[in-house]
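Notes to accompany the following structure.
The chains referred to below are lettered A, B, ... by the order of the sequence lines, with proteins before strands, and numbering in each begins at 1.
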Protein chains: 2
Amino acid sequence: MKRVTIGDVAAHAGVSTATVSRVLNDGLVAESTAAKVWAAAEFLGYSPNALTRSIFAGRSSTIGVVIRDLSSPFYLDLIRGIDEVAAASDSPVMLASTYRRAEREAAQVRAMDQHRVRGLVMTADETADSHARQMAENGTPCVIVARTVPGLHSVSLDDAAAGRLMAAHLADCGRARVGIVSGSHRPTQVKRVDGLRQGLSERDLPQPEEVLVGNENEVDGAVGSLLQRNDAIVCTTGRLTVAVHAALTARGLRMPDDIGFLTMDDFAWAGTLGISVVAQPSYEMGRRAAELVVEEPSAPARIVFQPTLIARGSC
Amino acid sequence: MKRVTIGDVAAHAGVSTATVSRVLNDGLVAESTAAKVWAAAEFLGYSPNALTRSIFAGRSSTIGVVIRDLSSPFYLDLIRGIDEVAAASDSPVMLASTYRRAEREAAQVRAMDQHRVRGLVMTADETADSHARQMAENGTPCVIVARTVPGLHSVSLDDAAAGRLMAAHLADCGRARVGIVSGSHRPTQVKRVDGLRQGLSERDLPQPEEVLVGNENEVDGAVGSLLQRNDAIVCTTGRLTVAVHAALTARGLRMPDDIGFLTMDDFAWAGTLGISVVAQPSYEMGRRAAELVVEEPSAPARIVFQPTLIARGSC
DNA sequence: GTGAAAGCGCTAACAA
DNA sequence: TTGTTAGCGCTTTCAC
């Protein structure tokens, strides 16, 4: 299936390929020639090959996005933010989701590099760091979300502040014993829990009890065990909110009367359900990340966003 | 910022570029030569340029996806399905969201064409049809979701069946007067409403009252007006579920006692909230759409999926 | 088994 | 204002 090339257009218009190229790129051409070229292009259904074009630029105009998990509302809003900025600068977005499989992450980052993306926004584990760093050295701006890596830009939340915000709210609600469901031992989670611990001890409240949960199936057991000794359940990752909430309601517990509940990341139904959250400005974070790609600051930028408490009465 | 090319690797390994190319593409090379080449590539940090490579193939390995709305759970699951199949065939996914602005849709489709995507999965209005059809004529498999277009593949829901499923459930629940909140006059919506009408009249129930709603801000007014004469509210688009549900609860109405509620598209919190839905197999639809791109059937395929009723007691 | 050379579709000097 | 001529980084004949 041979496609129409610049050569076909040139032949049809009776000019050289260079002239066609100029017309396409707003070069200096006589109006009459330009008209002929446009007519020929139109007639032949010419569609310029963006791939070939980017060979000359050395890289494509595409912004790469490697996301850990497409099903989480946080990442969704992040992508919306990225997409908004990308669209404004006429950059397509190449998206890859790793679905939390570490082997995939490095491969995805490498694929982005091979596609010579203009820049990369990623949320991935350490596995992919070396690749990303090499990309950065080759002049591809890389932004890592929710973590910091030496030499790369980063956009993240002040996770310790999120933890302290949680502690403050728990204290305000008169909660004494706090049970934490956390999702991993990644830095994000650890800092949130640390902030929470610190906030509680500053208020002379007892230290919380933490249960680390691998996947959603383990949530119910974890919640069951935490409920034995605590009057509030805190979830440090938005990904597990549904499961934790379900574990609570399945036991017939009402919030805030029977149990206090506080979780991370705002979502569409939180208002309806009256669930209090500590929210990340995920859309803004996405915008900022994409802006770093577009603006290419020379020194690695570390952008830290502040969390917000949205109290809805579940605690 | 000059990047390492195949020529650099060749020079470093003391062979020709042709040989390096062969090594990279599993061509026939002596083992000792291959080893030298790999070593040189490794040493120089060589990363093959996927852009240049696809010039020869005539197109890239990327699968393009143009989505109307990234915030809807339906599209999200659809993307997950596409992504899964794409990853299995080593194709990156290029994503563009149009955020419901028609001007963007045609532009996005054109951009996909210019990037010579291997195939395109899209949900867009008629504006983009002519472009997509031209792409299909040029040998790019195009799959349209939730609509049919002559000459293109399509993956859609049996919308009339969804409407009839709703009618059947409403009848089972003893609902007599049905108020419909619909989101647009696109074929999808129209067919659902028609199916619902048909199902109701088959059961000798009065015809429903429909209010078309432009955006979420109009939902509350629409619901208010429908509540005057109806004992069940049906929402024919998942996009408005949150808003309709909020309008109901804001009036202190409990489901199913005070009002029956039934909506489209399953979502994570529906179980918790006890909301009955007519679900689309969105993930499967995404998979199937991507498979059509990968398999490139010669004749336009029309895949129609069947909806499922998930009764949770809200009706 | 390997290299030289032509060419993919396009851009960017340099002349004319 | 336009055409000629090199390339961009890679693949692919076609000889050796």
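- Both V29(B) and S47(A) sit near DNA chain C, but only V29(B) has its closest nucleotide nearer the 5' end.
- Between R287(B) and D83(B), none of the side-chain N atoms (NZ, or NE/NH1/NH2) sits under 4.0 Å from a carboxylate O, so this pair counts as no salt bridge.
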Q: Go through F305(B) and R288(B) one step at a time and tell me if the side-chain contact (heavy atoms from CB on, under 4.5 Å) criterion holds.
A: CA-CA 10 Å; F305(B) 282 82; R288(B) 202 71 197 81; 3.8 Å; yes
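- To the nearest angstrom, C1' of dA12(C) lies 14 Å from CZ of R53(A).
- What separates CG of D26(B) from P of dG1(C) is a distance of 15 Å, to the nearest Å.
- Rounded to whole angstrom, the span from the CG atom of N25(B) across to the P atom of dT2(C) amounts to 15 Å.
- Following rounding to the nearest Å, D8(B) (CG) and dG9(D) (P) show an atom-to-atom distance of 9 Å.
- Here dG1(C) presents its P atom at 14 Å from NZ of K36(B), a figure rounded to the nearest Å.
- A salt bridge links R147(A) to D129(A): at least one charged side-chain nitrogen sits closer than 4.0 Å to a carboxylate oxygen.
- Side-chain contact check for V294(B) versus S89(B): some heavy-atom pair is nearer than 4.5 Å.
- Checked for salt-bridge contact, D113(B) and R110(B) miss the test: no charged N lies under 4.0 Å from a carboxylate O.
- Residues N49(A) and Q114(B) bring no donor and acceptor atom of their side chains to less than 3.5 Å of each other.
- What separates CD of Q114(B) from P of dC10(C) is a distance of 10 Å, to the nearest Å.
- A side-chain donor-acceptor contact under 3.5 Å links T140(A) and R59(A).
- Annotation: the terminal axes of the helix from dG1(C)-dC16(D) to dA16(C)-dT1(D) meet at 40°, where each axis is the rotation carrying the C1' atoms of four end pairs onto the next four (5 pairs per end, rounded to 10°).
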Q) For every nucleotide of nucleotides 3-9 of chain C, 5' to 3': is a protein heavy atom under 4.0 Å from its base (B), only from its sugar-phosphate (S), or from neither (-)? A) BB--BBB
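- With 3.5 Å as the limit, one finds a donor-acceptor pair spanning the side chains of S91(B) and R118(B).
- DNA chain D lies under 4.0 Å from no heavy atom of any residue of residues 130-139 of chain B.
- Residues E84(A) and R101(B) are paired through a salt bridge, judged by an N-O separation under 4.0 Å between the basic side chain and the carboxylate.
- Inspection of the S47(B) and R116(A) side chains reveals an N or O donor paired with an N or O acceptor under 3.5 Å.
- Classification of D125(A) and R68(A) as a salt-bridged pair holds, one side-chain N sitting under 4.0 Å from a carboxylate O.
- If you take CG of L24(A) and P of dA12(C), they are 12 Å apart, rounded to a whole angstrom.
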